[in-house]
Amino acid sequence: MRELKIYNTLKAEKEVFKPITEGFIGMYVCGPTVYDNIHLGNVRTFISFDMIYRYLLHLGYKVRYVRNITDAGHLTDHNTEDKITTKARLEQLEPMEVVQKYTVDFHEVLKQYNLLPPSIEPTATGHIVEQIEAIQTILESGIAYVVNGSVYFDVLKYNETENYGILSKQVIEYGIENTRELDGQSDKKNPQDFALWKKAEENHIQRWNSPWSVGFPGWHLECTVMSTKYLGSQFDIHGGGMDLKFPHHECEIAQAQVCNHKTPVNYWMHTNMLNLNGKKMSKSTGNSILPSEIYTGTNPLLSKTYSPSVSRFFMMQAHYSSILDLSDSALLSAEKGFLKLMNAIETLEQISAADISTYDVNALEEKCYAAMSDDFNTPILIAHLFDGVRIINSLKSGKESLNISDLEQLKTIFNIFVTDILGFISHKESNGNDLTNNIMELVLQLRGNAKKSGDFDTADLIRNELDKVGVQIKDGREGSSWEVK
RNA sequence: GGUAUCGUGGCCGAGUGGCUAGGCAGUGGUCUGCAAAACCAUCUACAGCAGUUCGAAUCUGCUCGAUACCUCCA
């Protein structure tokens with residue numbers, strides 16, 4: 001199998017990837033908390049991991065991809081209530097209605113962006129029993145304590161024998177004098193401690209029985225429990241957004257370390273943020289844009305609508321680990337580039353083979369694999385694909401030629417990288433309609449006749465009127481063609 | 001205050017010690033009835049200062065600036 005390099009946040013360097021079991025990969029990615037519509041920044045993370053998943057599959061690995069849905073336990077800021085519960089109260093819904101509503105939204109959006117579904121999509125509320133068992137284990141190890149029906153993880157005690165901060169490189173602060181505002185109400189021994197179980201207040205709707213209180217699990221615990229359950233106590237890849245690195249992933253490592261006595265994950269991958277107006281998109285600050293606003297064009301920042309494929313292309317033009325800034329002009333240029341790429345693929349279907357090849361298709365394929373195998377470098381891949389686009393257009397005009405096997409190989413390359421790995425789909429499916437094709441053939445023929453007889457008024461009329469309804473005429477050396485814009 | 005990442009041409013965005021990334025926009029040309037598309041050519045660059053080196057956008061130090069995390073966020 002081809003060598004693959006992955007930037008491992010845990011080691012802070014690029015490493016050659018070696019799965020625990022040859023040919024198999026266990027991958028866990030933190031999913032959304034379904035208390036609201038996901039915004040485009042959330043989508044970026046899932047698209048990045050979709051691309052990663054697709055490439056791993058393409059390389060021939062059997063991948064078990066687990067991506068959770070957080071439907072309980074995610075606390076709001078400075079509050080004892082969780083996000084789902086808060087939303088349920090605001091919308092006067094059952095918590096599970098909130099969960100259902102936004103889970104459906106999540107899935108619909110990801111479908112628009114052509115994401116493959118994960119192998120398993122577990123929920124926090126479906127694993128309450130496992131979470132309670134894990135808390136018991138941690139309590140028995142003496143790394144957690146019970147206060148007023150809630151259970152907290154003792155970070156300082158853990159840090160005596162283990163390294164809390166191994167992932168985020170944070171150095172925990174001993175002593176409370178360094179902390180900013182210590183919440184007087186808090187049951188915690190230290191502000192760094194985090195909740196494993198919270199006792200439910202009277203008005204808290206989501207609640208389960210436990211040995212300590214009627215309450216609900218802490219946010220960090222679900223990922224530990226579910227990744228362990230489905231991928232084992234040690235697995236290959238754990239991913240998530242950069243903003244989850246600390247404290248969420250740090251806490252996951254600590255919990256798993258106490259429960260299973262081994263480091264849970266070999267490769268930690270963190271995808272970077274999508275910025276809007278120079279700042280991270282965020283639900284809580286309102287600096288965000290919804291996927292639906294992109295394809296309906298309802299956001300004031302956008303001059304027009306953009307298809308999901310265009311925004312997917314826009315994201316793939318940046319490396320997953322870089323911050324990416326969204327703007328109308330960036331989407332506009334992405335759209336042009338995307339159409340150029342997709343048009344070339346259509347053109348490729350019309351190319352006929354020649355006797356000799358004037359271009360090294362093998363070298364192109366090698367470059368594409370090299371780019372992807374170097375920490376999933378999609379911008380470099382796309383640069384190479386545009387090299388292929390240039391060749392395709394030259395093939396059409398006769399400046400380059402390919403023999404039959406090279407031509408087939410070029411088609412395969414585009415199929416693999418554009419469709420299978422980058423996950424782009426042409427949004428011009430309507431071009432394939434037989435009726436439309438036949439009518440357009442006639443129209444082009446009539447216009448061609450008009451041109452031949454010098455009737456350019458008619459020729460231009462046809463071209464202009466078609467342009468108004470979104471069809472572009474392209475006159476080439478060997479005749480005219482058309483496409484839906 | 002702590003931790004981390006980053007500062008690349010008109011814009012977006014790769015590269016990380018010597019060899020043109022790429023896309024969009026611009027300019028010149030080919031083609032065209034004209035235009036568009038396409039193709040060819042081409043311009044604008046590595047935040048600043050000092051150091052290491054035969055050679056640095058790439059390594060080191062400092063300065064300035066930006067962002068993220070440290071309290072919920074993909």
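Throughout, a chain's letter reflects where its sequence line sits, starting with A, and its residues are numbered from 1.
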Verify whether one side chain among [X] and [Y] offers a donor that lies under 3.5 Å from an acceptor in the other.
X	Y	result
A/N68	A/Y230	no
A/H39	A/N42	yes
A/N190	A/Y152	no
A/Y306	A/D328	yes

Which of the following nucleotides, [options], is nearest to the side chain of [X]?
X	options	value
A/Q170	B/G13, B/G2, B/A74	B/G2
A/D460	B/U3, B/C34, B/A74	B/C34
A/P247	B/A35, B/C12, B/C70	B/C70
A/R390	B/C40, B/A35, B/A74	B/C40
A/K169	B/U3, B/A74, B/C12	B/U3
A/K283	B/G13, B/A36, B/A74	B/A74

For the student: nearest non-hydrogen atoms of A/N37 and A/K283, plus distance =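 Nearest heavy atoms, A/N37 then A/K283: O-CE, 3.6 Å.
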
Do A/S373 and A/Y55 pass the side-chain hydrogen bond (donor to acceptor under 3.5 Å, both in side chains) test, and can you show the C-alpha distance, the side-chain angles, and the key distance before you say yes or no?
-> CA-CA 9 Å; A/S373 297; A/Y55 190 58; 2.7 Å; yes

First of A/H220 and A/F314 reached from the 5' end of RNA chain B, by closest nucleotide |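 Of the two residues, A/F314 wins.
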
Most 5' of A/D243 and A/N393 on RNA chain B, judged by nearest nucleotide |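 Result: A/N393.
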
What's the [atom1]-[atom2] distance between [X] and [N], to the nearest Å?
X	N	atom1	atom2	answer
A/L276	B/A68	CG	C1'	16 Å
A/L348	B/A38	CG	P	16 Å
A/Q350	B/A38	CD	C1'	13 Å
A/N287	B/A74	CG	P	15 Å
A/D325	B/C6	CG	C1'	13 Å
A/L444	B/A37	CG	P	18 Å
A/L110	B/A74	CG	C1'	11 Å
A/E335	B/C12	CD	P	19 Å

For [N] versus [M], give the span between their [atom1] atoms, rounded off to a whole number of Å.
N	M	atom1	answer
B/C64	B/G22	C1'	31 Å
B/A45	B/C40	P	24 Å
B/G51	B/U42	C1'	37 Å
B/A50	B/G29	P	43 Å

Going 5' to 3' through nucleotides 19-32 of chain B, assign each nucleotide B (protein heavy atom under 4.0 Å from a base atom), S (under 4.0 Å only from sugar-phosphate atoms) or - (no protein heavy atom that close).
-> --BSBSS-------

By the 4.0 Å heavy-atom rule, please label [X] as base, sugar-phosphate, or nothing.
X	value
A/G41	base
A/F246	sugar-phosphate
A/M242	nothing
A/T285	nothing
A/I38	nothing
A/H39	base
A/G31	sugar-phosphate

Check whether NZ of the Lys or CZ of the Arg A/R67 lies under 6.0 Å from the centre of the six-membered ring of A/F49 and within 45 degrees of that ring's axis.
-> no

Lys/Arg-Asp/Glu bridge criterion (N-O < 4.0 Å) met for [X], [Y]:
X	Y	result
A/E465	A/K468	yes
A/K199	A/D187	no
A/K14	A/D374	yes
A/D467	A/R463	no

For a quick test of reading the model: is some side-chain N or O of [X] closer than 4.0 Å to OP1 or OP2 of [N]?
X	N	answer
A/S322	B/A14	yes
A/N377	B/G15	yes
A/R67	B/A74	no

Which base, if any, makes a Watson-Crick or G-U wobble pair with [N], both distances under 3.5 Å?
N	result
B/G55	none
B/A14	none
B/A38	B/U30
B/C49	B/G61
B/A66	B/U5

Does the ring-ring contact (aromatic ring centres under 6.0 Å, His included) test come out yes or no for A/F106 and A/F46, once each step is laid out?
-> CA-CA 11 Å; A/F106 173 62; A/F46 302 122; 5.3 Å; yes

For nucleotides 64-67 of chain B, list the nitrogen or oxygen atoms of the protein found under 3.5 Å from its nitrogen or oxygen atoms, one pair per line.
from: B/U67; atom 1: OP1; to: A/K279; atom 2: NZ; distance (Å): 3.3

